[in-house]
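Take a look at the structure set out below.
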2 protein chains.
Amino acid sequence: MTSEDTAFGSVALDLMERALDAQGLRHTLPRRTMLEVVAGMGRPFTATELTERVAGRDPHIGRASVFRLLQLLRGSGLVERLHGPDGELYTLCLAREHHHHVTCTVCGQTATFSLEDDRAVARAVERIGFRMEHHVLQVFGVCPACREHTEEPSR
Amino acid sequence: MTSEDTAFGSVALDLMERALDAQGLRHTLPRRTMLEVVAGMGRPFTATELTERVAGRDPHIGRASVFRLLQLLRGSGLVERLHGPDGELYTLCLAREHHHHVTCTVCGQTATFSLEDDRAVARAVERIGFRMEHHVLQVFGVCPACREHTEEPSR
DNA sequence: ACCTAATTGATACACATTATCAGTGTTGAT
DNA sequence: ATCAACACTGATAATGTGTATCAATTAGGT
């Protein structure tokens with residue numbers, strides 16, 4: 001674990017604990033353990049991956065509690081569920097402004113980005129008479145690191 | 001059923017049969033029945049909804065065949081699977097150009113639309129070093145008909 | 001009519017997620 | 001510190017969606 005990971009993790013951990021506090025939820029040892037694991041995930045993860053890592057820390061923690069925590073974190077907006085090509089992915093997401101996700105199809109890493117003109121979507125649907133409520137934009141591509149490995153260096 | 005529905009349905013039915021023909025698939029009674037039901041759906045539907053309607057026409061047709069047909073139709077691009085807020089939706093979709101879907105959160109009706117500048121998404125992710133492969137944009141809002149009923153006429 | 005391979009329905013299976021429920025632990029009031 | 005209320009827990013069952021299997025049926029060219 002690099003110092004960057006640690007710093008990011010502790011910030012994330014703090015934010016998540018505050019979010020649970022804000023909902024009047026209790027501090028428990030299983031929850032603390034699960035939060036630490038979530039904070040240590042460096043990329044989107046499946047519920048199964050999370051459950052396995054949690055079990056590595058404390059085998060007594062059950063699947064149900066993992067899903068319950070994911071639901072709580074999604075409710076406070078700190079975790080989002082993305083539609084991956086091979087099922088659902090959960091991702092820790094601290095950016096509070098409107099944003100979108102790009103998932104690397106090679107390594108699975110996810111980054112966030114914003115559109116220059118996000119209202120273009122609202123305008124497009126208004127043209128056919130709809131009033132937009134919300135939208136989900138999910139992008140798949142190849143990240144900078146994986147491009148180096150997979151793309152010909154000649155061009 | 002209005003004449004519009006009928007006309008749309010028969011066009012859709014025809015396109016779907018041609019698509020199956022093009023793949024060298026056989027004409028069978030269960031398939032014909034299922035295609036007619038799909039063509040008659042006026043909006044996105046869940047696999048379960050389709051299964052129920054098909055069973056209403058012919059109770060002998062099994063769940064597996066419904067899923068198999070959906071897979072065939074998705075393979076030929078005439079049916080798409082959308083990520084709804086409450087699970088997956090299938091929608092009959094005859095538009096062949098690149099497009100997106102808006103789903104009305106009141107009545108469930110779906111329409112298609114295009115962005116003025118679709119490459120804006122590719123540019124946005126290129127700015128952070130990614131090479132885009134594909135993207136999914138799913139919009140939720142209120143359709144013109146439902147706006148009339150739900151929005152105050154005063155404004 | 002006949003043959004072969006596609007298609008079928010029933011069934012079992014796999015997987016992610018949610019519901020249930022009795023026991024346990026946290027927390028705030030005292 | 002004690003206590004009682006109730007949030008939280010893990011185990012388990014249940015749900016829901018989609019896929020795999022397989023023997024029996026059937027389409028469609030010959």
Side-chain angles (χ1 to χ4, degrees), chain A residues 16-38 41 44-76 79-91, chain B residues 16-38 41 44-76 79-91:
Chain A
M16 287 190 287
E17 293 215 305
R18 281 175 204 275
L20 298 190
D21 282 350
Q23 293 179 57
L25 301 171
R26 293 182 178 171
H27 289 207
T28 68
L29 192 54
R31 221 165 240 175
R32 170 76 189 188
T33 303
M34 292 188 285
L35 287 180
E36 285 176 9
V37 175
V38 170
M41 306 292 263
F45 48 89
T46 64
T48 303
E49 280 167 3
L50 178 59
T51 304
E52 284 167 358
R53 287 217 200 180
V54 166
R57 288 276 218 100
D58 182 348
H60 293 284
I61 297 178
R63 277 202 323 272
S65 298
V66 173
F67 278 101
R68 275 189 287 248
L69 181 73
L70 284 175
Q71 225 170 332
L72 291 174
L73 293 175
R74 286 171 63 198
S76 57
V79 162
E80 294 187 11
R81 185 157 68 175
L82 309 176
H83 308 287
D86 302 315
E88 307 298 277
L89 294 172
Y90 296 84
T91 186
Chain B
M16 288 190 288
E17 295 215 304
R18 281 173 203 275
L20 298 190
D21 282 351
Q23 293 180 57
L25 301 171
R26 293 182 178 171
H27 289 207
T28 68
L29 193 53
R31 223 167 238 174
R32 172 75 190 188
T33 303
M34 293 188 285
L35 286 181
E36 284 176 8
V37 175
V38 170
M41 308 292 266
F45 48 90
T46 63
T48 303
E49 280 168 3
L50 179 60
T51 305
E52 284 167 359
R53 287 217 201 180
V54 166
R57 288 278 219 99
D58 182 349
H60 294 283
I61 297 178
R63 249 166 20 100
S65 299
V66 173
F67 278 102
R68 276 189 288 246
L69 182 72
L70 284 174
Q71 226 170 332
L72 290 175
L73 293 175
R74 286 171 64 199
S76 58
V79 162
E80 293 187 11
R81 186 157 68 176
L82 310 176
H83 308 288
D86 303 315
E88 306 297 279
L89 294 173
Y90 297 83
T91 186

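In what follows, chains are A, B, ... by sequence order, proteins preceding strands, each numbered from 1.
With a 4.5 Å cut-off on side-chain heavy atoms, B:L35 and B:L20 count as touching. Contact of the A:D21 side chain with the A:H27 side chain is registered, since non-hydrogen atoms from C-beta on lie closer than 4.5 Å. Counting heavy atoms from C-beta on, the side chains of B:E17 and B:R32 come closer than 4.5 Å.
Of the side-chain N and O atoms in A:R81, one or more sit less than 4.0 angstrom from OP1 or OP2 of C:dT17. For the pair B:R31 and C:dA6, the criterion of a side-chain N or O lying under 4.0 Å from OP1 or OP2 is not met. Between A:Y90 and C:dA16 there is no side-chain N or O to OP1 or OP2 distance below 4.0 Å.
Around CZ of B:R57, the count of heavy atoms belonging to other residues, nucleotides or ligands within 6.0 Å exceeds 12.
A:L25 comes within 4.0 angstrom of sugar-phosphate atoms only, judged by non-hydrogen atoms across all strands, and of no base. Within the nucleic acid shown, B:T48 comes within 4.0 Å of sugar-phosphate atoms alone, with no base atom in reach, counting heavy atoms only.
Look at CZ on B:R32: it is 17 Å from P on C:dT7, rounded to the nearest Å.
Annotation: proximity of residues 52-71 of chain B to DNA chain C (heavy atom, distance under 4.0 Å) is found for B:H60, B:I61, B:G62, B:R63, B:A64, B:S65, B:R68, numbered in ascending order.
Judged purely by atom type and a 3.5 angstrom limit, A:R81 has no side-chain atom pairing as donor or acceptor with the backbone of A:R74.
Closest to the side chain of A:T28, out of D:dC8, C:dA6, D:dG18, is D:dC8.
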